[in-house]
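As structure tokens, the structure follows; a few thoughts come after it.
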Amino acid sequence: MRRSLAILTVLTSGALTAGAVAVLAPGANAATTLGAAAAEKGRYFGTAVAAYKLSDPVYSGILDREFTSVTPENEMKWDATEPTQGTFTFTSADTIVNRAIANGQKVRGHALAWHSQQPGWAQNLSGTALRNAMVNHVTRVATHYRGKIDSWDVVNEAFADGSTGARRDSNLQRTGNDWIEVAFRAARAADPAAKLCYNDYNTDGQNAKSNAVYAMVSDFKARGVPIDCVGFQSHFNAQSPLPSDYQANLQRFADLGLDVQITELDIEGSGTTQANTYAAATRACLAVTRCNGITVWGIRDTDSWRASGTPLLFDGNGNPKAAYTAVLNTLGGTTTSPSPSQSSASPSPSVSQPPGTRSCAATVAINAWTGGFVATVKVTAGATALTGWTAAVTLPSGSAVTNTWNATASGSTATVSFTNVGYNGPVPAAGTTEFGFQGTGPAPSTTATCTAR
Ligand code: G2I
């Protein structure tokens, strides 16, 4: 009796395990956002954020939909946080940090000690006065954000470009070669839970500069200087292409016993070439176990520090580019969900039709506030695969669509028709795809009329 009970238990748990594996099978219910897809790979997908753009609903809509980590683009820099010596201003950075935490997003702190973007008073200091000011700055800022930061860029861009492998000459470097480790020790004391990173550019492949960083990090590990991660900015363009040994370079740093992170990714270009390069960079991180995540340096091309190079994943209107789809697919996500039977809210087609006739249904989820709303529309194919679809939504009077993603809108008031874009027209039988739009005024109802092609 005891034995048969034991066998029964084993069989039961075996059956449960098999069930769990089936639910998690690749593609069964693939993630449809960068953040969710990266999370399934145990990683974050982040972006640089500018506080003054958060009131733009297109910007914040994409931010909250797609990203699981944020880096303040400028708000934590020395000139922003200590414009007058000893007087700290955290308002803009706090806005970003508190909003991120409320949304369950990680925060990368950027940057505690850097030769650039110093306030005028620090630029004019040297020697012991500057060293003390630097330590005080690191301590005060890291203390202010203690417990809220996943990873800090403690020191940024401290090595020279070119073949010398030397430290960059700067007022901080002239306070003594130990300024970097002093900054790391101060950061650890102020926030013991944050990962402490060294962050730089032109260190993405193996070269004289990355070799010099590698030597410094090896030395820090050997001497117990607190360092947990190395950030690779990864600003790529024709002059500075994705290096062929990118993955190998990330791996050699990881092999020192640290995490590595892609911290400021952007890739100038367009179309398939850009998409392929983004996919390759993403693959490199996925191939390195200790690559924690990827941060892109802005959301839309127009948000970029080098906007003319259109280096980001969303166009100026907030529509995902080919590069977006390439990154999402490389992370194992998809712009369509092939198996809606796994999905909790898959509506049945609104009209029953004979087999072989295309049909679809559309349901609308609304996130509304006073004066505006974001609608996420799920299109579900009937028993026959779609080649395209149009979902019509009727807006109340006083409402207008201001922005659309993953679909093309016809009109902006009254009844607005949303038609698939190129990549999400095909939907497998019983599969789903999502698009969204943003509007001003009162929100529409949650029903939509779907027309299949
Ligand atoms: O230069 C690209 C990045 C390289 N690695 C370190 C990052 O911190 C750096 O980011 C850029 C920001 O994207 C720019 O937005 O750093 C620049 C310099 O701090 C930022 O530019 C500054 C302008 O120089 C200021 O004039 C301007 O007031 O942006 C500020 C805010 O728009």
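Remember, it's 1-based here, ligands and their atoms both numbered in the order they're listed.
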Exercise. Specify side chain, backbone, both or neither for W297, according to which of its non-hydrogen atoms lie closer than 4.0 Å to ligand 1.
Key: side chain
Exercise. For residues 116-221, pull every pair meeting disulfide (SG to SG under 2.5 Å), keeping only residues two or more places apart or in separate chains.
Key: C197-C229
Quiz item: Judged by modelled atom types alone, do T390 and T419 share a side-chain donor-acceptor pair under 3.5 Å?
Solution: yes
Quiz item: Does F232 have its ring centroid less than 6.0 Å away from the ring centroid of Y246?
Solution: no
Exercise. Taking the six-membered ring for Trp and the single ring otherwise, decide whether the centroids of H144 and F90 are under 6.0 Å apart.
Key: yes
With heavy-atom distances below 4.0 Å as the criterion, list the atoms of ligand 1 near [X].
{"X": "H110", "value": "6 (C), 7 (C), 8 (O)"}
{"X": "N156", "value": "6 (C)"}
{"X": "H235", "value": "3 (C), 4 (C)"}
{"X": "E157", "value": "4 (C), 5 (N), 6 (C)"}

Exercise. Measure the CD1-CG distance between I180 and L172 for me, rounded to the nearest 0.5 Å.
Key: 9.0 Å
Exercise. Could you walk me through whether R188 and D228 pass salt bridge (charged side-chain N to carboxylate O under 4.0 Å, His left out), step by step?
Key: CA-CA 10 Å; R188 178 69 98 227; D228 307 300; 2.8 Å; yes
Determine, for [X] against [Y], whether the closest basic-nitrogen to carboxylate-oxygen distance falls under 4.0 angstrom.
{"X": "E181", "Y": "R223", "result": "yes"}
{"X": "R300", "Y": "D303", "result": "yes"}
{"X": "R131", "Y": "D178", "result": "yes"}

Quiz item: Is the closest heavy atom of R306 to ligand 1 under 4.0 Å?
Solution: no
Flag [atom] as yes if some protein heavy-atom distance to it falls below 4.0 Å, otherwise no.
{"atom": "atom 23 (C) of ligand 1", "value": "no"}
{"atom": "atom 7 (C) of ligand 1", "value": "yes"}
{"atom": "atom 18 (C) of ligand 1", "value": "yes"}

Self-check item: Any N or O of Q233 closer than 3.5 Å to N or O of ligand 1
Solution: yes
Quiz item: Starting from atom 12 (C) of ligand 1, which protein heavy atom do you reach first, and at what distance in Å?
Solution: E73 OE2, 3.4 Å
Quiz item: Which residue and non-hydrogen atom of the protein lie closest to atom 21 (O) of ligand 1, and at what distance in Å?
Solution: N74 OD1, 4.2 Å
Self-check item: Heavy-atom nearest neighbour of atom 16 (O) of ligand 1 within options K77, E264, Q117
Solution: K77
